[in-house]
Structures are given as structure tokens and as C-alpha cells.
Student: 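Got a structure for you, written out below as C-alpha cells; questions coming shortly.
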Amino acid sequence: MDGQAIIITSTTPGKIIFSYAAPSDPVSGDIWVHTVDNGGYTLSADGAVGIRITPGAVMQFNGSIWEYRNAYIGVSGEWKLFSTLSPLSSLTWAQIIAIGNSGEECSLFFSVGDAKDLQLTTSELVPVVIGDFKHNTITGTSNKAAMAFTFKNCLNTTYPINSSNTNSGGWNGSAMRNTRMPAILNTFPAELTADGAIKYVDVLASAGNQSTSLVTSSDRLRLHSIAELGLSYSYAAPGEGTKYAYYTSGNRVKTVNGAASIYWTRSPLTGSSDSFCCVDTSGTASGDYAGNSIGVACGFDI
């Protein structure tokens with residue numbers, strides 16, 4: 001049984017196709033098993049040995065779209081589920097990363113708003129959602145990261161952006177970016193903190209101290225800008241990124257410990273030297289002193 005797969009389907013497939021990309025001319029009933037160079041499992045099929053497959057990516061064409069199918073693979077004498085009908089929430093982070101790193105269009109597998117729980121080492125459970133696909137540029141390249149995730153709500157603990165009421169240095173020079181974000185990232189599961197998992201991407205924010213000049217930061221974990229949240233605010237510098245698809249129709253009210261809360265963005269308030277933009281309990285843009293502790297909702301890319 002090792003290296004063999006069982007695919008559960010009510011429709012007998014005409015073909016089972018092993019390929020990097022989705023077949024260009026599928027017929028209803030065809031099954032696609034996604035293969036990659038460094039997939040999570042090795043499959044033997046049609047006399048070939050050593051086919052590498054992506055966990056979580058067995059799909060069947062229903063005549064118009066590809067649908068997930070439950071599938072099992074034999075590993076060390078046991079059948080292991082490696083593809084499910086509810087992929088994002090059921091897959092491990094390692095499996096999601098494998099799909100993200102495969103080079104395939106991840107919108108084939110997932111949708112904006114798909115949710116998964118992120119279990120921190122502090123035991124806090126943080127629901128995250130796919131905010132967009134190919135939104136942010138990987139630092140040092142012209143390539144976009146496959147998936148941009150965003151926290152559905154804030155962390156249970158509130159934090160200031162700086163130890164005093166200043167926005168000098170903007171996001172790039174803030175204590176939130178340079179101290180707090182790395183500390184929070186260190187509480188993520190090992191699969192996400194490993195090299196090649198969460199990507200370093202380029203993000204923009206003003207230089208602070210009432211400047212509208214933009215500074216590029218290279219971040220793995222960061223706050224969103226006012227623009228990324230789909231808000232327009234006269235005190236946020238123009239050009240600090242673009243709107244995530246998830247925030248096109250709202251989703252900006254976030255909670256701390258279950259109660260709606262104001263929360264930080266990385267956008268310095270251009271009308272002052274002591275504040276950053278935030279989002280209030282109704283989902284509207286506002287501002288607060290940088291030394292105040294309010295909600296923190298992060299973004300990261302795979």
C-alpha cells in the first residue's frame with residue numbers, strides 16, 4: 001500500500017492526471033493530482049516511481065469547476081488523509097505552505113476569506129483568513145507572494161506602537177515593527193517560522209513626523225496600512241499599499257477578547273508627530289497616540 005493512493009469520489013473518473021498545472025482541456029469527471037518538485041508525499045502510479053505530490057490537492061472536474069476530493073496515501077503501512085473537501089481549515093500549515101510554494105495559482109485551491117485557526121505557542125488561538133492572492137512583492141524579487149493572510153480579529157493583548165507619543169521614524173523605525181512584531185512571530189508554529197514559509201515582503205508607510213514621503217520596509221509580520229484595509233483617510237499618506245480583496249466589502253470591525261476594539265494600522269498620522277492611524281469600533285479610520293495600548297491585527301504572506 002505504501003506509495004499508493006485512494007481517491008474517494010461518487011463519479012468514476014475518465015482520467016487521473018498528474019501534473020504541475022491544472023489540465024487545460026478537462027472533461028467532466030477527470031481527476032487532477034497536483035505534483036511539485038518537492039511535494040510532501042511520494043506516489044507510485046502507472047509504472048512511474050517517485051512522483052511528488054502536494055498534500056491537499058486532489059481535485060475533480062465537475063464540468064465547470066475543479067472540486068476537492070478526499071484522498072488517502074499509504075505511508076509506513078498506514079493510510080493518511082492528504083486531501084480534504086474543506087481544504088484550508090483542514091490542512092496543516094506545512095501543507096498550505098507547500099501549495100503556496102508550488103508556483104501554482106493558489107486561487108485554484110482557495111478563496112479570499114477562507115479561514116484557518118493559528119495556534120500560538122502562548123496557547124492563544126488566532127483565526128486568520130486569506131486576504132488576497134499575489135498582493136505583496138517578495139523582497140529582492142519581482143515576484144508576488146502567493147497568499148496574503150490577515151488576522152480576522154486582534155490579539156488578546158493590546159500594545160502601543162512606541163513607548164512614547166511619537167511617530168518619528170514612521171512604521172519602519174517603530175518599536176511595534178522592530179520589537180513587538182518579531183516577538184509575536186516567535187509565538188507562531190514552527191512550520192510558519194521556518195525559512196521559506198512566511199515571506200519577507202515590501203510594504204510602504206510614510207516616514208512619520210508629518211512627512212508624506214514613503215519608506216519601504218521588508219517585513220514578515222506587520223500591521224496593515226489604512227489603504228490596505230480599504231479605507232480613505234485624509235491624515236494617511238497616499239500610496240501606502242493597495243486594498244486587500246477581503247476588505248472590499250467591510251470586515252474592518254475587529255475584536256479584542258470578543259469585544260469590538262480600536263486597533264492600530266502602520267500609517268503614521270500626517271497631521272501630527274505623536275499619533276498613528278487606527279480603526280475604531282465601527283470600522284472607520286481614526287487616530288490615536290502612539291504610546292497608547294490598543295488592538296493589534298497583523299498580516300503575513302506565504
Side-chain angles (χ1 to χ4, degrees), residues 120 126 131 135-141 145 148-151 154-155 157-188 192-193 195 198-244 247 252 254 256 261-280 285-301:
L120 305 183
V126 180
H135 192 98
N136 297 301
T137 301
I138 299 172
T139 299
T141 76
F149 285 85
T150 182
F151 282 20
C154 300
L155 295 168
T157 304
T158 59
Y159 299 100
I161 283 195
N162 285 315
S163 59
S164 62
N165 292 331
T166 178
N167 63 24
S168 180
W171 165 250
N172 192 65
S174 69
M176 177 70 79
R177 174 179 180 265
N178 292 290
T179 302
R180 182 53 53 194
M181 289 293 112
I184 294 171
L185 182 61
N186 282 340
T187 68
F188 277 31
L192 287 171
T193 57
D195 290 343
I198 294 180
K199 306 298 188 289
Y200 283 94
V201 299
D202 294 337
V203 300
L204 294 168
S206 83
N209 201 24
Q210 303 187 56
S211 172
T212 57
S213 297
L214 297 179
V215 174
T216 301
S217 301
S218 176
D219 294 333
R220 298 183 84 189
L221 191 67
R222 73 275 177 187
L223 300 179
H224 292 297
S225 68
I226 282 289
E228 289 173 349
L229 294 168
L231 291 168
S232 178
Y233 193 43
S234 60
Y235 294 112
E240 294 179 321
T242 57
K243 177 172 57 182
Y244 279 48
Y247 294 111
R252 287 180 286 270
K254 298 186 186 294
V256 173
S261 174
I262 59 175
Y263 59 94
W264 288 120
T265 75
R266 68 172 186 269
S267 303
L269 206 71
T270 58
S272 77
S273 298
D274 55 19
S275 301
F276 279 75
C277 299
C278 61
V279 181
D280 66 21
S286 186
D288 206 344
Y289 292 118
N292 287 348
S293 288
I294 61 173
V296 171
C298 306
F300 61 91
D301 287 67

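Reckoned from all heavy atoms, side chains included, excluding hydrogens, waters and symmetry mates. Along the sequence shown, residues carry numbers from 1.
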Student: What heavy-atom pair brings L223 and E228 nearest, and what distance separates the two atoms?
Tutor: O-OE1, 4.4 Å

Student: Quick check against the 3.5 Å criterion: does T166 have a side-chain atom that pairs as donor or acceptor with the backbone of D274?
Tutor: no

Student: Using side-chain heavy atoms (C-beta onward) and a distance below 4.5 Å, is N165 in contact with S275?
Tutor: no

Student: In Å and rounded to the nearest 0.5 Å, what is the NZ to CG distance from K243 to L231?
Tutor: 9.5 Å

Student: First locate atom CD1 of I226, then atom SG of C278, and finally report the distance between them rounded to the nearest 0.5 Å.
Tutor: 7.5 Å

Student: From L204 CG over to T216 OG1, what is the distance, rounded to the nearest 0.5 angstrom?
Tutor: 4.5 Å

Student: Between the side chains of T150 and Y247, does any donor sit under 3.5 Å from an acceptor?
Tutor: yes

Student: May I ask you to decide if M176's main-chain N or O and T179's side chain share a donor-acceptor pair within less than 3.5 Å?
Tutor: no

Student: Could you tell me which non-hydrogen atom of A297 sits nearest to which non-hydrogen atom of K254, and how far apart they are?
Tutor: CB-CD, 3.7 Å

Student: Is it true that R222 and D301 have a side-chain N and a carboxylate O under 4.0 angstrom from each other?
Tutor: yes

Student: How many angstroms lie between OH in Y200 and CG in L221, if you round to the nearest 0.5 Å?
Tutor: 11.0 Å

Student: Quick test of your reading of the model: are R266 and E240 salt-bridged, counting only N-O distances below 4.0 Å?
Tutor: no

Student: Which heavy atom of Y263 sits nearest to which heavy atom of V296, and what is that distance?
Tutor: CB-N, 4.4 Å

Student: Does the side chain of D219 come under 3.5 Å of the side chain of W171 through a donor N or O and an acceptor N or O?
Tutor: yes

Student: So which heavy atom on Y235 is nearest to which on C277, and how close?
Tutor: O-SG, 4.0 Å

Student: To the nearest 0.5 angstrom, please state how far the CG atom of N292 sits from the CD1 atom of I262.
Tutor: 7.5 Å

Student: Evaluate whether atom CZ of F188 has more than 12 neighbouring non-hydrogen atoms of other residues, nucleotides or ligands under 6.0 angstrom away.
Tutor: yes

Student: Within the side chain of D280, is there an N or O that forms a donor-acceptor pair under 3.5 Å with the backbone of S286?
Tutor: no

Student: Closest heavy-atom contact between A237 and S206?
Tutor: CB-CB, 3.7 Å

Student: Among V201, I198, T139, find the residue that satisfies the side chain to side chain contact (heavy atoms under 4.5 Å, CB included) test when tested with R220.
Tutor: I198

Student: If you measure only the distance, is there a donor-acceptor pair under 3.5 Å linking the side chains of N172 and S217?
Tutor: yes

Student: Can you tell me how far apart CG (L214) and OG1 (T212) are? Round to the nearest 0.5 Å.
Tutor: 7.5 Å

Student: Hey, does the side chain of N136 reach the backbone of A148 with a donor-acceptor pair shorter than 3.5 angstrom?
Tutor: no

Student: Looking at L155 and V256, what are the two nearest heavy atoms and their distance?
Tutor: O-CG1, 3.7 Å

Student: Working note: L269 + F276, criterion side chain to side chain contact (heavy atoms under 4.5 Å, CB included); need CA distance, chi angles, decisive distance, verdict.
Tutor: CA-CA 5 Å; L269 206 71; F276 279 75; 5.9 Å; no

Student: Can you check whether A290's main-chain N or O pairs, donor with acceptor, with W264's side chain at less than 3.5 Å?
Tutor: no

Student: Under a plain distance cut-off of 3.5 Å, with no hydrogens placed, do S273 and N209 share a side-chain donor-acceptor pair?
Tutor: yes

Student: Angle between ring planes, H224 versus Y244, binned at 30° and 60°: parallel, tilted or perpendicular?
Tutor: perpendicular

